[in-house]
Amino acid sequence: IYLVLLDNINDKDQKIDILTQLGKTYFRAGFLQRSRDILKEALSLKARNPEALKILLVVLEKTKELEVINKNLEKRIKKAVEENRRKDKIMFQQSKLAAMGEMLQNIAHQWRQPLGSISLILQSIKLKNEMNKLTAEYIDKKTEEALILADNMSKTIDDFKNFFRP
């Protein structure tokens, strides 16, 4: 409405009043940039317009306050983002450690049975020796069994290393 009125008004004082009222209205509505531009236009028509100057000063103060608030908000957001990244890294590390702990439990489980079997093989060799029934063929057979078990244990370790390789 104001803009249509401005186009049809030739009286300078009336135009200044309308621009001042328009600047005030935009200010109340929160449109600081638009308010500032309109008030500057009113002041360009009459530099010593106390009402327009007063409102323009308030607009400039509010603009400056908003800039400070925005800068503080940007700093807080940046700090929060950095904190979230730090927490994400910690959670990732904890997750990795939990997975590593689970893997170690699985390795321990996978190794118990072969270690028990190797222990039995050694005890059977010792027992056969004590009974003087130990033969080279028996030693070869039991050595082969123990090597197969040891190879499987070695593969378990390789699987573990591959799982945690970066």
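Remember, predicted model here, so these are calculated numbers, not experimental data.
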- line: Residues at least two apart in sequence or cross-chain that pass side chain to side chain contact (heavy atoms under 4.5 Å, CB included) with Thr135, listed by chain then number, are Glu137, Tyr138
[X] to [Y] - nearest heavy-atom pair and separation:
X     : Y     : value
Leu39 : Leu56 : CD1-N, 3.6 Å
Ser35 : Val59 : OG-CG2, 3.5 Å
Leu43 : Ala52 : CD2-CB, 3.9 Å

What's the separation between atom [atom1] in [X] and atom [atom2] in [Y], rounded to the nearest 0.5 Å?
X      : Y      : atom1 : atom2 : value
Leu45  : Lys40  : CG    : NZ    : 14.5 Å
Ile107 : Gln105 : CD1   : CD    : 11.0 Å
Leu104 : His109 : CG    : NE2   : 14.5 Å
Ile90  : Gln93  : CD1   : CD    : 9.5 Å
Glu74  : Asn70  : CD    : CG    : 6.5 Å
Thr63  : Leu32  : OG1   : CG    : 4.5 Å

- prompt: With distance as the sole test, does Ser119 use its side chain to make a donor-acceptor pair with the main-chain N or O of Leu115 at under 3.5 Å?
  reply: no
- request: Output yes when a side-chain donor or acceptor of Ser117 lies under 3.5 Å from a complementary backbone atom of Gln113, and no otherwise.
  value: yes
task: Decide yes or no for Ile157 and Trp111: does some side-chain heavy atom of the first lie under 4.5 Å from some side-chain heavy atom of the second?
output: yes
task: Would you check if Ile121 and Leu149 make a side-chain contact, meaning some heavy-atom pair closer than 4.5 Å?
output: yes
Donor-acceptor pairs under 3.5 Å, side chain of residues 139-147 to any protein atom, not counting sequence neighbours: which ones?
residue	atom	partner	partner atom	Å
Lys142	NZ	Glu145	OE1	3.4
Thr143	OG1	Ile139	O	2.6

task: Keeping to residues at least two apart or across chains, list the salt bridge (charged side-chain N to carboxylate O under 4.0 Å, His left out) pairs with something in residues 51-65.
output: Lys24-Glu51, Lys62-Glu65
